[in-house]
Amino acid sequence: MDFSLSEEHLMIRDAARDFAKTELLPGVVERDNKQEFPTEQVKKMGELGFLGMMVDPKYGGGGMDTVSYVLAMEELSKVDASCSVIVSVNNSLVCYGLEAYGTEAQKQKYLTKLATGQSIGAFCLSEPEAGSDATSQRTTAIDKGDHYVLNGTKNWITNGNSADFYLVIAQTDKEKKHKGINAFIVEKSWEGFEVGPKEDKLGIRGSDTHTLNFNDVKVPKENRIGDDGFGFKFAMKTLSGGRIGIAAQALGIAAGAYDLAREYSKVRKTFGTEICNHQAIAFKLADMHTSIEAARLLVMKAAWDKDQGNNYDMSGAMAKLYASQVAMDVSVEAVQVHGGNGFVKEYHVERMMRDAKITQIYEGTSEIQKMVISRGLLRD
Ligand code: COS
């Protein structure tokens, strides 16, 4: 067993670390305050190849493995989780979904633009009444021969307004339940597609989360992904990989908050000495670091499983479940180590604490991850 990273992995990690420090850190507090989408930063991430890391170079991607992707996700998330969720959705939900299950024509038309960052993607599964209970789709896609007609509402959609292309899950045949669900590629400019209000969120405030409305949107049949009825499996398979990305995001939030707490504890003095010399603080750092290291091993194992062609439903779910809890615990402790300053925006850790919460909710709540894990355990 070898825990060391290759030269290439280290280069990717360092490139993401440098980018986060020089391009994401300046303005991260302001973007969070103003709920401002990081347009310039996303453009640069596209140019540097962060938006299509695992896509085959013949479609404009970086051709990298999942380990490289989680290393980059961790580094970007240490500084700006609003930017890293955009990276995660574009890479592991949209690009992966299209590359794994799209037709050659769909890949040429859409994936090439998404992998290079010329266009941004969104993944639209959740609805007002179908978040965790994802088979209860109310959005309908009625088959009209050479096209489908889409009607319905999607909620909490990351990149809701900033995306150009949307992967939309909808019910075609209600009688067939989840086997009557389809997935479609929808373009933003199409008639009847409407971006609803932007959500005012607790965390990841730089990313734009919207309600989307579909009113008689005509979708050509060639924009269906996979065979008729494949949509629910498409969503589940794609989300399994997405969860590895979010686990890496949670890991990055925890590691970023820990780094700040450690540095602060070495300069802040109380009772005549730096606070890291008080066992109350030193033991907090020890606990934080240990849990981060455990989360990192789970994240890496899930990424490795995906790269090896192993099933990663359970390892991805375990990584997300654990890393998101570590993100919450560590960011709360990082605020505590900072004392009064931890409650102030310029010290960053309060934002990280707010950002951490969503990692326990999106791409499957912690309770859903426990369902996936326990069903996997009890399958045989
Ligand atoms: N890969 C492939 N197929 C999968 C799968 C996976 N990871 N998970 C489930 N499926 C298949 C099942 O095999 C089943 O197909 P068959 O009937 O052909 O056997 C089908 O999907 C339905 O599965 P199941 O009966 O387990 O569905 P449930 O309604 O019990 O729900 C969970 C399964 C809870 C796992 C699913 O609804 C889920 O992941 N919900 C959370 C969705 C989510 O992450 N929402 C966040 C929105 S994106 S930000």
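In listed order, ligands and their atoms are each counted from 1. Atom set for the values below is all heavy atoms of this structure, side chains included, hydrogens, waters and symmetry mates excluded.
At the shortest separation from atom 42 (C) of ligand 1 among protein heavy atoms lies Gly131 O, 3.6 Å. In terms of protein heavy-atom proximity, atom 2 (C) of ligand 1 is closest to Lys237 CG, 3.6 Å. At the shortest separation from atom 40 (N) of ligand 1 among protein heavy atoms lies Ser132 O, 2.8 Å. From the protein, the heavy atom lying nearest to atom 47 (C) of ligand 1 is Ser126 OG, 3.1 Å. With hydrogens left out, the protein atom closest to atom 16 (P) of ligand 1 is His178 NE2, 3.7 Å, a heavy atom. Of the protein's heavy atoms, Val372 CG2, 4.0 Å lies nearest to atom 35 (C) of ligand 1. Scanning the protein for heavy atoms near atom 6 (C) of ligand 1, the closest one is Met236 CB, 3.5 Å. Of all protein heavy atoms, the one closest to atom 49 (S) of ligand 1 is Glu363 N, 3.3 Å.
The part of Phe232 lying near ligand 1 is the side chain, judged by heavy-atom distances below 4.0 Å. By the criterion of a heavy-atom distance under 4.0 Å, neither the backbone nor the side chain of Gln369 is placed next to ligand 1. Only side-chain heavy atoms of Ser240 come within less than 4.0 Å of ligand 1; its backbone N, CA, C and O stay farther off.
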- Task: Please report the C-alpha distance between Thr172 and Tyr148 in whole Å, then the side-chain angles of each, then the deciding distance to 0.1 Å, and finally whether the side chain to side chain donor-acceptor pair (under 3.5 Å) criterion is met.
- Result: CA-CA 9 Å; Thr172 296; Tyr148 288 86; 5.1 Å; no
- Yes or no on side chain to side chain donor-acceptor pair (under 3.5 Å) for Thr66 and Asp307, after CA distance, side-chain angles and deciding distance? CA-CA 6 Å; Thr66 316; Asp307 288 336; 2.7 Å; yes
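Residue Gly364 has at least one N or O atom closer than 3.5 Å to an N or O atom of ligand 1. Between Arg243 and ligand 1, at least one pair of N/O atoms sits closer than 3.5 Å. Remark: ligand 1 and Lys233 share an N or O pair separated by less than 3.5 Å (distance only, no angle test).
Remark: Arg205 engages Asp200 in a salt bridge, criterion side-chain N to carboxylate O under 4.0 Å. Ion pairing between a basic and an acidic side chain is recognised when a charged N comes within 4.0 Å of a carboxylate O; Glu222 and Lys109 show no such pairing.
By the side-chain hydrogen bond (donor to acceptor under 3.5 Å, both in side chains) test, Tyr101 pairs with no residue at all, sequence neighbours left out. Remark: Thr153 pairs with Asn213 by the side-chain hydrogen bond (donor to acceptor under 3.5 Å, both in side chains) rule, at least two apart or across chains.
Seen from the ring of Tyr96, Lys306 counts as a face-on cation partner, given the 6.0 Å and 45° thresholds.
Across Arg17, Lys43, Lys44, a single residue satisfies salt bridge (charged side-chain N to carboxylate O under 4.0 Å, His left out) together with Glu23, and that is Lys44. Residue Lys221 forms a salt bridge (charged side-chain N to carboxylate O under 4.0 Å, His left out) with just one option from Asp228, Asp146, Asp143, and that option is Asp143.
In the vicinity of Arg375, heavy-atom distances shorter than 4.0 Å reach the ligand 1 atoms 24 (P), 26 (O), 28 (P), 30 (O), 33 (C). Below 4.0 Å from some heavy atom of Met371 lie the following atoms of ligand 1, by number and element: 34 (C). Shown in contact with Thr135 at under 4.0 Å from a heavy atom are these atoms of ligand 1, numbered in order with element: 29 (O). Close approach to Ala134 involves these atoms of ligand 1, each under 4.0 Å from a residue heavy atom: 37 (O), 42 (C). Of all atoms in ligand 1, listed by their number and element, those nearer than 4.0 Å to a heavy atom of Leu239 are 43 (C), 44 (O), 48 (S). Atom numbering of ligand 1 starts at 1 in the shown order; those under 4.0 Å from a heavy atom of Lys179 are 16 (P), 17 (O), 18 (O).
Counting heavy atoms of neighbouring residues, nucleotides and ligands inside a 6.0 Å radius, atom NZ of Lys176 does not exceed 12 of them.
Remark: the backbone N or O of Glu74 is not paired with any side-chain donor or acceptor of Arg13 at under 3.5 angstrom.
Lys154 and Thr139 make their closest contact through CE-OG1, 3.5 Å (heavy atoms, listed as atom of the first residue, atom of the second, distance).
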